[in-house]
Amino acid sequence: MTNVPGIFGSDVFNESVMRERLPKVTYKQLKKTIEDGVPLNIELANVVANAMKDWAVEKGCTHFTHWFQPMTGITAEKHDSFITPADDGHVIMEFSGKELIKGEPDASSFPSGGLRCTFEARGYTAWDPTSYAFIKAGTLCIPTAFCSYGGEALDKKTPLLRSVDAINKATLRILRLFGSDATRVIANAGPEQEYFLIDREMYSHRKDLIFAGRTLFGAPAPKGQELDDHYFGTIKTRVAAYMKDIDEQLWRLGIYAKTKHNEAAPSQHELAPIYNTVNIATDHNQLTMEIMKRTARKHNFKCLLHEKPFEGINGSGKHCNWSLSTNTGVNLLNPGKTPAENAQFLLVLAAIIKAVNKHQDILRACVATAGNDHRLGASEAPPAIISIFLGDELTDILRSIVEGTKYEGKRVEMEIGVDVLPHFTKDTTDRNRTSPFAFTGNKFEFRMPGSRLSVGGPNTVINTIVAEAFDEFAEVLEKADNFQDALDDLIKKTIKENSNIIFNGNGYSDEWCQEAEKRGLLNLRTTPDAIPFFEAPENIAMFEKYGVYTETELHSRVEILLDEYCKTLSIEANTMIDMAKKDILPAVASYIKELASTAELAKTCGADVSFETDMVKRLSELSAKMYKNLGELENAHYAAMGFTDVKEQANFYRDIVIPAMNELRAPADEIESLVGEKYWPYPTYGALLFYVK
Ligand code: ADP
Ligand code: MG
């Protein structure tokens, strides 16, 4: 059995290693940097670097790397060894403060959305001392931010760190009004990671999974997820071994891997860690995804992190749980025993409601990708419409505030009808799985992010929009003659003005779409609809005010994200064209040939050949249709390549290329359901999803 406390964090240069290995003064100074953002000096960095290197070398490391998170959404690393030539032809192992603090990767190939032309390709990585260094495969990894020569953020971490600062300052301003002695406010995140595991051998026969990460063709299997027998079901031995392997690796890296279970779709699973600061949680989630993918190979699995690998069954999301706490240990989203009287909680809640309502557009935009468009709005994930679920108790409390009536509700004792079980107080909220932004007792759960997304973006947005609402509140309250009255008015006014965003019903229903439209809520169905909102004047103003993104950085994000959308669809279209031409049409042709010659032979024996004849006719019709639609997709794709304006191009992919892809898929999937299994060139949905032992 693994000694979990013994291995936990053993590959991390964490608090206890620092305390043990750094001189007392250095340790204290470093802690000040980590906790209060006091700038580092080079002498301090030299001492820390040397201690890090000694520790890493003792653990078998030969290299170090600045580990960063460019706009590709995955992580990047460039390894340098510690070797330095010594006079006598030998080498010594060295690592300087300069190397720790700053790196200069030639970064011209990372997406920059026009922020960095190749002639000034320099990018800098800068040490983020608030996320611990760690060891991965014999390399000391230093978490870093990644910026251009001009200081523009080229990554997901820099804006996140800036937003951490913004939410800290704005929340403290509010807390001061309530007489709190907190000196720091921390935004926390707990991202629940969903994923699919399929057999590696079968995967290797699917071009679509290899190139696009999702199936582009595929008839439904005889069984899907209709029996709900996979959710929380017994975990198969091979999957369990994989999960155990992952847990151990994550624990070594100081990641609080906590919950694992089978998810709703066949072959779908989830891993959830205990929450952490948004910065560390984001780093840890990136590492988790990487380890999931890498470890799958060892167990002969392929781990699919795509948001929608299979049509007709659930896709994968990454529920991002978010809360605010103080360095005095208070969770500001905890309603307490009597939320109606907890004015501070109600003010925080009002600010979040206001922020989410005002910035529906960027909340939607920050989760927009080509893959996630298949999830949002399908009845498995929240719709593309942003709304807030509060549960009955909080909604009633807010209603009584607005109406000026006394809240009479009491917390309900749950009667569960089994006497041996203890009675427990019902949660303030029941579970509504259909809401994109749900209050779940002492945190909000943002359910729209797709499984592949870095949670850096969503957390940056949530931190910033809430910071803005807090500041607006502070402006009013700081000026008030009577704090209590001003507070009551403010909560009342805010709830009244923003109640249109609160919805406790079924977000999957059609009625909700109609109701949301009546309420004037945005419904940004696709990525090209959503992304441009990053450039809306009020959003630019807000992000600039908080120093989270400059206007230039926002334009670059729009460029990068839309370009990624177009490229993703271009790869998908290419892959479909390739599969249709080289595999599917030839396969159906062989089957038709087989049927036709069988019919001919059988006829000479006087046999009934209605099956063969009907099938030949039907398959020929379908393959002719496929062939025609293939031509149309080729034309559409060719036309898409001709655009120079990325917004127009993205719209063209959405309006013309995607429908053409769907038109090609439909006859192909029907053919799959008719063709003899041994003729079909790919493992079927049934095999991919159900055959894994
Ligand atoms: P469920 O699937 O029922 O929503 P899980 O246990 O799978 O719940 O995941 C809940 C996630 O929420 C975990 O990652 C957990 O650490 C996180 N979480 C719990 N409390 C907080 C909090 N105060 N702030 C942020 N995240 C939290
Ligand atoms: Mg969960």
Side-chain angles (χ1 to χ4, degrees), residues 8 160 163-164 167-168 171 182 184-195 228 230-233 235 243 246-247 250-251 254-265 268-289 292 314-336 339 342 344-345 348-349 352 380-382 388-391 426-449 451 453-456 458-463 466 507:
F8 189 86
L160 178 64
S163 76
V164 162
I167 189 77
N168 171 43
T171 319
R184 201 156 46 89
V185 171
I186 303 126
N188 303 297
E192 301 165 44
Q193 180 69 51
E194 293 181 346
Y195 60 100
D228 290 326
H230 195 253
Y231 191 58
F232 285 9
I235 300 169
M243 288 176 164
I246 288 182
D247 278 340
L250 295 178
W251 290 334
I255 299 173
Y256 301 118
K258 173 84 175 164
T259 308
K260 50 186 178 184
H261 59 81
N262 286 351
E263 257 300 330
Q268 191 186 30
H269 314 280
E270 179 183 300
L271 185 154
I274 296 170
Y275 66 95
N276 213 318
T277 67
V278 288
N279 182 34
I280 294 179
T282 304
D283 284 0
H284 282 180
N285 181 250
Q286 294 295 120
L287 272 172
T288 302
M289 290 194 285
M292 279 179 167
N314 277 8
S316 299
K318 176 146 46 197
H319 296 174
C320 187
N321 296 272
W322 179 91
S323 69
L324 288 174
S325 60
T326 65
N327 60 338
T328 49
V330 178
N331 176 359
L332 299 175
L333 286 170
N334 192 343
N342 189 341
Q344 183 183 294
F345 166 74
V348 170
L349 190 64
I352 296 170
E380 53 165 285
I388 297 180
F389 169 84
L390 289 179
K426 199 173 149 188
D427 246 339
T428 346
T429 59
D430 51 9
R431 297 194 159 226
N432 176 324
R433 294 268 163 204
T434 64
S435 174
F437 206 89
F439 184 70
T440 48
N442 60 1
K443 59 185 167 32
F444 272 97
E445 186 170 345
F446 185 31
R447 303 218 180 93
M448 289 174 110
S451 45
L453 195 75
S454 157
V455 287
N459 281 308
T460 303
V461 168
I462 299 172
N463 289 345
V466 175

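Note that ligands are numbered from 1 as they come in the structure, with each ligand's atoms numbered from 1 the same way. This is a predicted model, so every value here is computed, not measured.
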Rounded to the nearest 0.5 Å, what's the gap from [atom1] on [X] to [atom2] on [Y]? Could you check?
{"X": "N463", "Y": "L160", "atom1": "CG", "atom2": "CG", "result": "6.5 Å"}
{"X": "Y195", "Y": "L271", "atom1": "OH", "atom2": "CG", "result": "6.0 Å"}
{"X": "T171", "Y": "I186", "atom1": "OG1", "atom2": "CD1", "result": "10.5 Å"}
{"X": "F389", "Y": "F437", "atom1": "CZ", "atom2": "CZ", "result": "13.5 Å"}

What I want to know is whether [X] and ligand 1 share at least one N or O pair that is separated by under 3.5 angstrom.
{"X": "Y275", "result": "yes"}
{"X": "N188", "result": "no"}
{"X": "E192", "result": "yes"}
{"X": "A189", "result": "no"}

Part of [X] within contact of ligand 1 (heavy atoms, under 4.0 Å):
{"X": "N331", "result": "side chain"}
{"X": "E270", "result": "side chain"}
{"X": "R433", "result": "side chain"}

- Item | Atom indices of ligand 1 within 4.0 angstrom of I274 heavy atoms, with elements | 16 (O)
- Message: Within the 4.0 Å heavy-atom shell around E445, which atoms of ligand 1 are there?
- Response: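 So the answer, numbered in order with elements, is 4 (O).
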- Query: Looking only at heavy atoms, what is the nearest atom pair of P273 and P191, with distance?
  - Reply: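 The answer is CD-O, 3.0 Å.
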- Pick out which of E270, M289, E192, E194 makes a side chain to side chain contact (heavy atoms under 4.5 Å, CB included) with K318.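 Only one option passes, and that is M289.
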- Under the side-chain contact (heavy atoms from CB on, under 4.5 Å) criterion, do V278 and I167 qualify, and how do the steps go? CA-CA 11 Å; V278 288; I167 189 77; over 6 Å; no
